J.: 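Supplied in structure tokens, the structure appears directly below.
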Amino acid sequence: MSSLEHLLQPIKIRSMVLDNRVVIPPMGTFLSNEEGMVTEAALAYISRRVKSGAGLFIQEITAVHPKGRTLPSQLGIFKDEHIQGLKKIVDVVHRQGAKIAVQLHHAGRESMYHLRRGEAMAPSAVPSLVYGGMPREMTLDDIREIIQCFGQAAARAREAGYDAVELHAAHGFLLHQFLSAHANRRTDEYGGPDILQRARFLIEVLREVRRRVGDDYPISIRISVDEEIKGGYTAEDMQKVVPELVKNGCDILHASFGTHGSPAGIIQAPIEYQPGFNVKLARKIKEVVSVPVIGVGRFNDPFIANECIARGDADLIAFGRQHLADPDFLQNAINGKFEDTNKCLACNQGCIERAMFEQKSIRCAINPETGQELIYPTEPAAIRRNVWVVGGGPGGLTAAYEAARLGHKVTLFEKESEIGGQIRYAAQAPYKEAYGEWIRRLASKAVKLGAEIKTGTQVTDEMIIENKPEVVILATGGAEIIPPIDGIDLPHVVTALQVLGGEVAVGQNIVIIGAGLIGMETADYAVARGCQSVTLVEQKPKSPVTKASSHGYMLHKRLRNAGSQQIFGAEVVRIDNNSVTIRVQDAEQTLVPVDQVVIAVGMNPAADLVWTLKEQGIRHWVVGDAVKPRRIIEATEEGARAAWEI
Ligand SMILES: Cc1cc2nc3c(=O)[nH]c(=O)nc-3n(C[C@H](O)[C@H](O)[C@H](O)COP(=O)(O)O)c2cc1C
């Protein structure tokens, strides 16, 4: 047997037989239409996910009540008209041999849309953890109505052909709000100091769902085992609840954690957390019940998941974002080529943060196919072109890989001796080694497809004029900005990339000018290397790195714990040998002692070759930071698009 023997074991849960223990957990996609109906884009996305070979696909939050939606475009199952569209999803999943459950959801107080309209309701009138708005307290009639709605939705799910339903009692949504002493301050039979009293609503919902779906139909409940908020309930509290859930008809416990208001976006844990870091919570649930338990949290490696099952931590393992980064990971592992897999970097740029901050449909920073399956070209290009890609950062390498995949003859030129562009530097910051692995894998996959990579080769205007390449993708990135500050030429003034690249040793008392992501990561790097003090000086009135993003939260926390200071609204007046003078609100102050000043004020796009390309009439695209310095996701998307359009 392979070393995936435990993960690949089938499992029977009531009437449902799963081929293996791999679960695709629910992930909201924003791919449905404005009325919450299923779209072709959603079907294409789902079809690609289940190609992984996972045994169970759990469909994203699907609303049981129109006023329980996070947005009107959320998938719905609150009226019979939804059934027809939902059947299409069921068919797509069944055609690939997987089983499908639908996650039944009511947002309660965590719906910005309904909060704004004064229509959000919750167990008590306590403001939303995420949006701050105030819901109204549910009456007993509301409670009875919502119990009915869950039951009716479950009946529709069965009619549509789903193999199971999952009640979403996690992450701070309505069913969880009842469990939470933070949200539930009721003094009637649905509230109380004991979590078992607060579990009454969930148990009544469960009983109604069981009544509607019959005895043989599997019901999963997704719980947050630990609430992960100050004063929230703990795994030990949850250990009291789950036996009651099982007694009342729950067949699967899906052991998630946290709420959308928990620090560091822990539900979608950032890269600082190891794969499977919270499977211990699944184990806590397994200690007190005998139904199958699903473990989740940063799993991006099936071999680690296999070990967790072998150890008895969980019975099934959910791989969420890994299914976005590379749905072929499981087949790769089975076929002995797991090293070809794009492992999820937990950056959250294309998935949860895009959804939550921008309300945009799902993507992935390192997989341009995700969320774009309908337009993702799979056939070789009709005409094989001779393509030059200039620049070997994320945009250039993605362009090279995609162009080679489509059959073009690709040559990538990188002026440095190594590929990677800015990722070479970013990967030096704490916890970010995986970024370097990703970029090296991308390059080697491009080479396997026939792309030629020429490092140490700077493309010049003359080369372009002489060789007249058919197509050029310019991914030349950006150049560090050196601000005209008095003292900028002193020998102890260096740039962030010089520090991260190891070109200069880290000083002891450092002032970093610019507290954007690069400045903060350079500070993080310096702290990790034992420097004594780091002060970040930023012109903007507040931090450009939001704590609302998981990585931003972790960076702020680490730097605060290390005692580093951030000064906002500050202008640098002068750099001297041992000090930096700044002006904050018209008052000058001098930072001493300073033995190193690091410049991290940003980048300017470096796309000078574009003029020659235009003059020569060469078809070209400019992508990534060469257009405007931004994140990985913009670089990879633009690189891929250029390759698709050739
Ligand atoms: C874009 C996105 C949307 C999500 N939507 C849901 C959802 O609809 N319901 C839910 O219970 N969890 C949702 N989650 C949480 C995931 O199911 C999963 O618990 C989380 O991503 C952690 O697993 P991972 O580290 O394997 O990604 C979502 C996560 C992401 C990234």
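Computed from a prediction, not measured in an experiment: that's the story for all the values here. Read the numbers this way: they start at 1 and go in the same order the structure lists the ligands and their atoms.
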J.: Decide whether Glu166 and Ser220 meet the rule of one side-chain donor and one side-chain acceptor closer than 3.5 Å.
T.: yes

J.: Between ligand 1 and Phe319, is the shortest N or O to N or O distance under 3.5 Å?
T.: no

J.: Could you name the option among Glu353, Arg222, Gln268 that has the heavy atom nearest to atom 29 (C) of ligand 1?
T.: Gln268

J.: With respect to atom 20 (C) of ligand 1, which of Ile267, Ile61, Thr29 exhibits the smallest heavy-atom separation?
T.: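 Of the listed residues, Ile267 has the closest heavy atom.
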
J.: Quick check: does Ile362 get an N/O under 3.5 Å from an N/O on ligand 1?
T.: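 So ligand 1 has no N or O lying under 3.5 Å from an N or O of Ile362.
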
J.: Among all protein heavy atoms, pick out the one at the shortest distance from atom 3 (C) of ligand 1; state its residue, atom name and that distance to 0.1 Å.
T.: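 The closest one turns out to be Gly28 N, 3.2 Å.
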
J.: So, do His168 and Phe173 have ring centers that fall under 6.0 Å from each other?
T.: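 Yes, they do, as the ring centres are separated by less than 6.0 Å.
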
J.: Examine the proximity of ligand 1 to Gln322 and report which part, side chain or backbone, both or neither, has a heavy atom under 4.0 Å away.
T.: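 For Gln322, there is no contact with ligand 1 at all, from either part.
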
J.: Measure the distance from atom 26 (O) of ligand 1 to every protein heavy atom, then report the residue, atom name and distance (to 0.1 Å) of the closest one.
T.: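 Among all protein heavy atoms, the one nearest atom 26 (O) of ligand 1 is Gly320 N, 2.8 Å.
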
J.: Taking heavy atoms and a distance under 4.0 Å, where does Val296 meet ligand 1: side chain, backbone, both or neither?
T.: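 Val296 to ligand 1: side-chain contact only, backbone stays beyond 4.0 Å.
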
J.: Just jot down the ligand 1 atoms closer than 4.0 angstrom to any heavy atom of His168, in number order.
T.: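 Matching atoms, with element in brackets: 9 (N), 10 (C), 11 (O).
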
J.: Regarding ligand 1, does Pro26 bring an N or O atom to under 3.5 Å of one of the ligand's N or O atoms?
T.: yes

J.: Just which atoms of ligand 1 are under 4.0 Å from any heavy atom in Ile352?
T.: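 What qualifies from ligand 1 is 1 (C), 2 (C), 3 (C), 30 (C), 31 (C).
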
J.: Geometry only, no angles: is Pro25 polar-contacting ligand 1 at N/O separations under 3.5 Å?
T.: no

J.: Grab the two heavy atoms, one from Leu324 and one from Cys351, that are nearest each other, plus how far apart they are.
T.: CD1-CB, 3.6 Å

J.: With atoms numbered from 1 as shown, which atoms in ligand 1 lie under 4.0 angstrom from a non-hydrogen atom of His171?
T.: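 Atoms satisfying the 4.0 Å criterion: 10 (C), 11 (O), 12 (N).
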
J.: State whether a side-chain donor-acceptor pair under 3.5 Å links Glu60 with His105.
T.: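 No - no donor-acceptor pair under 3.5 Å links their side chains.
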
J.: Give the minimum heavy-atom separation between Ala365 and Thr636, together with the two atoms involved.
T.: O-OG1, 2.7 Å

J.: Would you please classify the geometry between the Phe277 ring and the Tyr273 ring as parallel, tilted or perpendicular, with 30° and 60° separating the classes?
T.: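 It falls in the tilted class, 30° to 60°.
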
J.: For the ring pair Phe329 and Phe319, is the centre-to-centre distance below 6.0 Å?
T.: yes

J.: Determine, using ring centers only, whether Tyr233 and His176 are less than 6.0 Å apart.
T.: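 They qualify: ring centres under 6.0 Å apart.
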
J.: Just by distance, with hydrogens left out, do Glu110 and His171 show a side-chain donor and acceptor under 3.5 Å apart?
T.: no

J.: Within the 4.0 Å heavy-atom shell around Arg298, which atoms of ligand 1 are there?
T.: 24 (P), 25 (O), 26 (O)

J.: Under 4.0 Å, counting heavy atoms only: does Ala170 come that close to any atom of ligand 1?
T.: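 Judged by the 4.0 Å heavy-atom criterion, Ala170 does not count as contacting ligand 1.
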
J.: Is any N or O atom of Gln103, backbone or side chain, closer than 3.5 Å to an N or O atom of ligand 1?
T.: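 Right, the criterion is met.
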
J.: Once rounded to the nearest 0.5 Å, what's the spacing between atom CD1 of Ile252 and atom CZ of Arg222?
T.: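 Answer rounded to 0.5 Å: 12.0 Å.
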
